[in-house]
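Order of the sequence lines sets the chain letters (A, B, ...), proteins ahead of strands, with each chain counted from 1.
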Protein chains: 2
Amino acid sequence: MDEQNTIERCDYIHAHEDIIAKVNENMPDEEILYDLAELFKIFGDSTRIKILYVLFESEMCVCDIAQLLNMTQSAISHQLRALKQSKLVKYRREGKTVFYSLADDHVRSILDQGMEHVAE
Amino acid sequence: MDEQNTIERCDYIHAHEDIIAKVNENMPDEEILYDLAELFKIFGDSTRIKILYVLFESEMCVCDIAQLLNMTQSAISHQLRALKQSKLVKYRREGKTVFYSLADDHVRSILDQGMEHVAE
DNA sequence: ATAACATATGAACAATAGCTCATTTGTTTT
DNA sequence: AAAACAAATGAGCTATTGTTCATATGTTAT
């Protein structure tokens with residue numbers, strides 16, 4: 001009750017009441033925004049982006065990806081785990097080999113949207 | 001010439017020649033992929049995502065955003081700088097006040113694509 | 001010019017992330 | 001069962017990042 005807002009505030013808020021109401025109305029839940037940020041974090045690393053581009057062509061095993069990107073098996077495996085946890089890639093095992101592939105079309109559309117912005 | 005590839009390799013590469021050729025053909029330049037990752041890094045923080053959602057409703061000054069998100073002016077200003085550098089927001093000065101707004105429609109489409117994936 | 005306000009910025013610190021190295025797990029072959 | 005191979009994992013190290021705090025810059029009003 002007597003807890004004070006310690007954040008500095010400007011003398012008067014510029015935004016009108018209706019705007020503020022709309023912001024609060026349309027702002028997704030904290031949890032969703034957190035998840036969204038986590039998802040984009042995954043795209044925020046060029047190694048992972050390269051892996052995704054490789055998988056655009058075909059499913060591929062860890063070692064092949066490592067060779068194509070000239071990186072260690074361990075580094076690729078760690079990154080594939082992140083991609084897996086975000087449900088951006090899926091995998092199937094075939095003997096000793098594990099083949100990874102893109103989970104769905106979102107990967108492509110998200111990267112394409114980003115590309116459009118970067119290309120400008 | 002005598003520089004050796006120190007990366008471990010599997011006994012045989014699974015991917016066929018034509019696949020490897022296509023990967024190398026369709027893989028964007030290193031520099032582009034770096035820029036792309038940098039762009040997604042910007043989306044990879046929930047504070048910045050919140051700022052963008054706020055700006056969906058209306059242009060807004062730094063202090064208003066800070067109040068809406070209950071954060072310090074400094075923190076918001078720092079993040080707005082990142083958004084500005086990535087050309088995701090633009091600004092105009094009106095006296096002491098600086099109003100920020102979304103730079104273009106890419107912001108919305110990128111966030112929407114991400115949302116689609118998260119919502120699953 | 002001075003005071004007041006809005007914003008920007010730099011240094012510092014804690015938390016996070018990506019890579020390497022060593023090792024483990026899972027599978028196949030002998 | 002043992003050896004060999006592919007992949008996964010954990011610890012450790014360095015680099016990066018988001019916030020805070022203090023201060024500087026830019027603009028307006030007195």
Quiz prompt | A/K50 and B/E30: CA distance, side-chain angles, deciding distance, salt bridge (charged side-chain N to carboxylate O under 4.0 Å, His left out) verdict | solution = CA-CA 9 Å; A/K50 283 178 201 167; B/E30 182 73 29; 3.1 Å; yes
Rounded distance in Å - [atom1] ([X]) to [atom2] ([N]):
X     : N      : atom1 : atom2 : answer
A/F99 : C/dT27 : CZ    : P     : 15 Å
B/L83 : D/dG18 : CG    : P     : 10 Å
B/L69 : D/dG18 : CG    : C1'   : 14 Å
A/L80 : D/dA8  : CG    : C1'   : 11 Å
A/E59 : D/dA7  : CD    : C1'   : 16 Å

Quiz item: Counting heavy atoms not belonging to A/E120, are there more than 12 under 6.0 Å from its CD?
Solution: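 Enclosed.
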Quiz prompt | Atom CG of B/D105 with >12 non-hydrogen neighbours under 6.0 angstrom | solution =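 Open.
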Quiz item: Between the base of C/dA6 and the side chain of B/Q73, is there any donor-acceptor pair under 3.5 Å?
Solution: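 Donor-acceptor pair under 3.5 Å: no.
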Quiz item: Between the side-chain atoms of A/S74 and the base atoms of D/dT9, is any donor-acceptor pair under 3.5 Å?
Solution: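 Such a pair is found, so the answer is yes.
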Quiz prompt | Option passing side-chain contact (heavy atoms from CB on, under 4.5 Å) with B/V23 (candidates A/L68, A/L69, A/I65, A/L55) | solution =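 Per the side-chain contact (heavy atoms from CB on, under 4.5 Å) rule, the option paired with B/V23 is A/L68, out of A/L68, A/L69, A/I65, A/L55.
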From C-beta outward on [X], which listed nucleotide comes closest to its side chain: [options]?
X     : options             : answer
B/K96 : C/dT7, C/dC5, D/dA7 : C/dC5
B/R81 : C/dT9, C/dT7, D/dA7 : C/dT9
B/V98 : C/dA8, C/dA6, D/dA8 : C/dA8

Quiz item: Can A/H106 and B/Q113 be counted as having a side-chain donor-acceptor contact under 3.5 angstrom?
Solution: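 Short answer, no.
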Self-check item: Contact summary for B/K41 and A/G44, nearest pair of heavy atoms
Solution: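 For B/K41 versus A/G44, the nearest heavy atoms are CE-O, 2.9 Å.
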Self-check item: Minimum heavy-atom distance A/L33-B/I49, with the two atoms named
Solution: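 For A/L33 and B/I49, the tightest heavy-atom pair comes out as CD2-CG2, 3.7 Å.
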Exercise. Give me the ring orientation class for A/F40 and A/F43: parallel if the planes are under 30° apart, tilted from 30 to 60°, perpendicular past 60°.
Key: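 Rings of A/F40 and A/F43: tilted, as their planes differ by 30° to 60°.
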Self-check item: N or O in side chain of A/Y100 less than 4.0 angstrom from D/dA6 OP1/OP2
Solution: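 For A/Y100, the contact criterion (side-chain N or O under 4.0 Å from OP1 or OP2 of D/dA6) is not met.
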Using a cutoff of under 3.5 Å, can you pull out all pairs of nitrogen or oxygen atoms linking the protein to nucleotides 16-19 of chain C, with atom names and distances?
{"unit_1": "C/dG18", "atom_1": "OP1", "unit_2": "A/R48", "atom_2": "NH1", "d": "3.0"}
{"unit_1": "C/dG18", "atom_1": "OP1", "unit_2": "A/R48", "atom_2": "NH2", "d": "2.6"}
{"unit_1": "C/dG18", "atom_1": "OP2", "unit_2": "A/R48", "atom_2": "NH1", "d": "3.2"}
{"unit_1": "C/dC19", "atom_1": "OP1", "unit_2": "A/T47", "atom_2": "OG1", "d": "2.8"}
{"unit_1": "C/dC19", "atom_1": "OP2", "unit_2": "A/Q79", "atom_2": "NE2", "d": "2.6"}

Quiz item: Thinking salt bridges, do A/R92 and A/E59 make one under a 4.0 Å N-O criterion?
Solution: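 Looking at A/E59 together with A/R92, the answer is yes, because their closest N to O distance falls below 4.0 Å.
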Exercise. Using heavy atoms and a sub-4.0 Å distance, could you list which residues of residues 85-95 of chain B are near DNA chain D? By number, please.
Key: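 Contacting residues: B/R93, B/G95.
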Quiz item: Is A/T97 touching bases, backbone alone, or none of the nucleic acid, heavy atoms closer than 4.0 Å?
Solution: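 Answer is sugar-phosphate: A/T97 comes under 4.0 Å of backbone atoms only.
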